[in-house]
Amino acid sequence: MSIKINYKNSVSKKTSNNLVLFSDERFNINPLKKYISKIEFSYISDLLKTSDLKKNLFVFELNSKRKIILVSIKKDIRASDIENLGAEFYGRINYGKNTEYFINSDSITNKHKNFIGHFLHGLKLKSYEFNKYKSKKETRHITVNVYGTKNKLSNHDLLKFKALEEGTFYARDLVSEPGNILHPDEYAKRLQSLKKNGLKINIYDEKKLKKLGMNALLGVGQGSIRGSYLVTIEWNGAKNNSKPLAFVGKGVCFDTGGYSLKPAKFMEDMTYDMAGSAVVVGLMKNLALRKAKINAVGVVGLVENMVSGNAQRPGDIVKSYSGKTIEVLNTDAEGRLVLADALTFTEKKFKPKFMVDLATLTGAIIVSLGSEYAGLFSNDDKLSKQLLDAGEKVEEKLWRMPLHKNYDKLMNSKNADMQNINYVGGAGSTTAAQFLQRFILNNTPWAHLDIAGMAFSKYGGALNSGGATGYGVKLLNQLIEDNYE
C-alpha cells in the first residue's frame, strides 16, 4: 500500500469527489457553506442534529461518487492530538484499491503551526505495514491532495516530518524482521549501510570485544553460532566539539532465555527483544536525515541468546568491561549483561553529556504499567523531567520509578561483586535498573527506559496498526529538539 501526497493551489469541484473539511469541536459548519452546495449543507446539518457530536470525524456518503469527510478540531488541540486525527482519518479511508481524497486547508480555522504537517504525519505513521514476506501483496494506492492557502509547509518542516517517519519506520522494520533473518551478523551488516546517511559506523566483533574485556556481553551470545557485536553510530552535527548525547540500546536479536529457558508460549515474540537497539538506530537515522545540529552517538549491543553445548550456564561468573564481576544466576536476565558493558564503554569512550538506554528489559514493568507507559529510572532529576515532558508532548509516555541504595542488597552476590537477578522476589524492574546503575562509573546523568510493554502491540495503537510500534524515536527526538538544539 502506498500513500502519495500532493500540494495544490486549487482543484476543480468536479474532481474533488472525496472532500475533507474541518470544523470546530461543536461541528458548527456555517463557515463551510462556501465550499459545498446548499443541498449538501442542508443534508449534513440535518444529520448532525441527531448525531453524537463527541466523535472526531464523520463520513457523509452523499451519493455513489461524492463523499464529504468532516473532521472536528478542538480549541486547545495539541500536535499529538492532530496526529491522532490524521491516524483516525487514515483508518476511515483505508479500503478500496485506488482512492483519491481532497483536503481543503482553507477550512482549518485553528492557528496551530503546521496543522497539515502533523495531520499527514499521523496518517503516514498509521499507514505502516510490514508485508515483506507475503507472497501476495495488496496493491492499494491512496492519493491525498491538499489544496488552499494553508497547505504550505517549509522545506525545513517537510524534512523534519519525513526524517521522523523514516527513522520510525526503520525501527519498526528492524523489530518486525524474524530471528532467522535479522540475527546479529545481518544486523551489524545492515548498520554499515547507514554510512550513506552521513553516520560514522564502527563495528566491534568478538575478537575486538574479547580484547576489550566485554565478557558480560560476550557471555550472553556464546551459545549462538552467530557472532556478537557492539556497534557505535556517530552523528556530528554541531559546529563545535561539544560532548555528545548518548543513546544505548539492547539488541538481543532472539531470546530463548538460554538454559533458564522461557516457556514455549509466546517465545516467537522474542524477535522483538532487540527493540531498544532499533529505537537507537531509528533515532540516529532521523538525526542524520534532518541534519540535526547536535553531536550524538548511538551504541547497540547485538547478541543472540541461545541454548547449546557452549551456552552460558546458571552460576557462571563473568568479569565485565568495568572490571566488576557478575554471577549469572539466571541466563534469561541477559539484557542487563549486554547493557552493563555497553554503558560503561559509552561513558568511558565518548564522555557524553548524558546517557539514555532503552531495553525490553523486564516483564515486571508490564505488570506495573501495562502498555500505557514505559518505566523511567534515572540518577538525574533534570534529565528525568526533560524525558517526561517530551513523552507527554508526543504521547510516548513515561512513568518514573524508584532507584534507591536499599535495593542494592538484593543484587549482592556471595561469590562475585553482584548477581544478575533478585531471587528474594519483588521489584523486578527496579532491581534490574539498580544493577545497571552500578556500571555508570563517573556520575554521568543517565536514564534507563524499560520499554517492554511499549515496543510491540498485539492490537495496535493511535499511530500504529499492530506489531512493532517504534516507541521511543519520537520521544527522544522531542527531547533533543526541546532541550539540546
Side-chain angles (χ1 to χ4, degrees), residues 1-8 11 15-29 31-32 35-36 40 44 47-48 51-62 66-75 77-110 112-129 138 140-148 150-151 153 157-158 161-162 164-165 168-169 394-395 459-466 469-470 474:
M1 200 279 292
S2 67
I3 293 179
K4 184 178 180 181
I5 308 291
N6 297 317
Y7 294 91
K8 300 174 177 288
V11 294
T15 60
S16 56
N17 290 329
N18 296 324
L19 179 63
V20 183
L21 298 170
F22 297 88
S23 74
D24 62 18
E25 58 191 305
R26 296 185 301 276
F27 284 99
N28 172 26
I29 64 169
L32 306 180
Y35 304 123
I36 54 180
E40 290 171 340
I44 293 172
L47 287 178
L48 285 173
S51 299
D52 177 10
L53 299 186
K54 292 180 181 178
K55 292 182 179 180
N56 296 317
L57 188 151
F58 286 101
V59 179
F60 299 100
E61 302 272 0
L62 301 175
R66 174 79 163 166
K67 182 191 303 176
I68 292 177
I69 299 176
L70 192 59
V71 182
S72 75
I73 307 173
K74 291 184 174 67
K75 186 177 181 181
I77 198 167
R78 304 176 303 165
S80 59
D81 298 323
I82 300 170
E83 290 167 10
N84 290 343
L85 273 181
E88 187 175 345
F89 170 68
Y90 172 77
R92 298 298 294 271
I93 66 172
N94 183 25
Y95 63 90
K97 201 163 188 179
N98 299 290
T99 319
E100 190 170 20
Y101 291 84
F102 296 82
I103 295 178
N104 183 333
S105 70
D106 287 337
S107 64
I108 301 169
T109 56
N110 189 277
H112 195 288
K113 185 187 176 187
N114 283 334
F115 185 98
I116 283 293
H118 285 291
F119 186 81
L120 296 176
H121 183 57
L123 182 155
K124 289 180 185 176
L125 288 175
K126 185 70 173 180
S127 72
Y128 173 85
E129 295 176 315
E138 291 184 23
R140 191 166 67 252
H141 304 279
I142 295 175
T143 301
V144 178
N145 302 293
V146 186
Y147 69 98
K150 298 178 183 178
N151 69 346
L153 272 74
D157 289 330
L158 280 170
F161 285 121
K162 188 173 187 294
L164 199 48
E165 287 152 15
T168 302
F169 291 162
V394 300
E395 281 198 359
Y459 310 106
L463 297 179
N464 67 83
S465 299
T469 65
K474 290 184 72 177

Inset, instruction - Show your working on salt bridge (charged side-chain N to carboxylate O under 4.0 Å, His left out) between Arg26 and Asp24 and close with a plain yes or no. - result: CA-CA 6 Å; Arg26 296 185 301 276; Asp24 62 18; 3.6 Å; yes

For [Y], does its backbone N or O pair with a side-chain atom of [X] as donor and acceptor, under 3.5 Å?
X: Asn18; Y: Glu100; value: yes
X: Thr143; Y: Lys4; value: no
X: Ser105; Y: Tyr147; value: yes
X: Glu25; Y: Lys75; value: yes

In Å and rounded to the nearest 0.5 Å, what is the [atom1] to [atom2] distance from [X] to [Y]?
X: His141; Y: Ile3; atom1: NE2; atom2: CD1; result: 11.5 Å
X: Lys67; Y: Ile93; atom1: NZ; atom2: CD1; result: 8.5 Å
X: Glu165; Y: Lys474; atom1: CD; atom2: NZ; result: 9.5 Å
X: Phe22; Y: Asn110; atom1: CZ; atom2: CG; result: 10.5 Å
X: Leu158; Y: Asn114; atom1: CG; atom2: CG; result: 8.5 Å
X: Ile69; Y: Arg92; atom1: CD1; atom2: CZ; result: 7.5 Å

Inset, instruction - Test Thr168 against Tyr128 for side-chain contact (heavy atoms from CB on, under 4.5 Å), laying out the working first. - result: CA-CA 10 Å; Thr168 302; Tyr128 173 85; over 6 Å; no

Inset, instruction - Could you tell me whether the side chain of Leu120 reaches within less than 4.5 Å of the side chain of Val146, counting heavy atoms only? - result: yes

Inset, instruction - Report yes if some heavy atom in the side chain of Asp81 is under 4.5 Å from a heavy atom in the side chain of Lys74; otherwise report no. - result: no

Measure across [X] and [Y] and return the closest heavy-atom pair with its distance rounded to 0.1 Å.
X: Ser72; Y: Lys55; value: OG-O, 3.8 Å
X: Leu463; Y: Ala87; value: CD2-CB, 3.7 Å
X: Ile68; Y: Arg66; value: CD1-NH2, 4.1 Å
X: Ile29; Y: Leu70; value: CG2-CD2, 3.6 Å
X: Asn28; Y: Ser23; value: O-CB, 3.9 Å
X: Asn56; Y: Glu88; value: ND2-OE1, 3.2 Å

Inset, instruction - Could you tell me which residues satisfy ring-ring contact (aromatic ring centres under 6.0 Å, His included) with Phe27, sequence neighbours excluded, listed by chain and number? - result: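 Once residues adjacent in sequence are excluded, the partners of Phe27 under the ring-ring contact (aromatic ring centres under 6.0 Å, His included) criterion are Phe58.
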
Inset, instruction - Check the pair Thr109 / Ile73 against side-chain contact (heavy atoms from CB on, under 4.5 Å), numbers first and verdict last. - result: CA-CA 9 Å; Thr109 56; Ile73 307 173; 5.5 Å; no

Inset, instruction - Give the ring-plane orientation class for Phe119 versus Phe89, where under 30° counts as parallel, over 60° as perpendicular and anything between as tilted. - result: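 Tilted, since the angle between the ring planes falls between 30° and 60°.
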
Inset, instruction - Quick one: list whatever passes side chain to side chain donor-acceptor pair (under 3.5 Å) with Glu395, sequence neighbours left out. - result: Arg78, Asn84

Inset, instruction - Would you mind telling me which of Ile77, Leu123, Leu57 makes a side chain to side chain contact (heavy atoms under 4.5 Å, CB included) with Leu85? - result: Ile77

Legend entry - Stepwise side-chain contact (heavy atoms from CB on, under 4.5 Å) test for Asn94 and Lys126: CA-CA 10 Å; Asn94 183 25; Lys126 185 70 173 180; over 6 Å; no

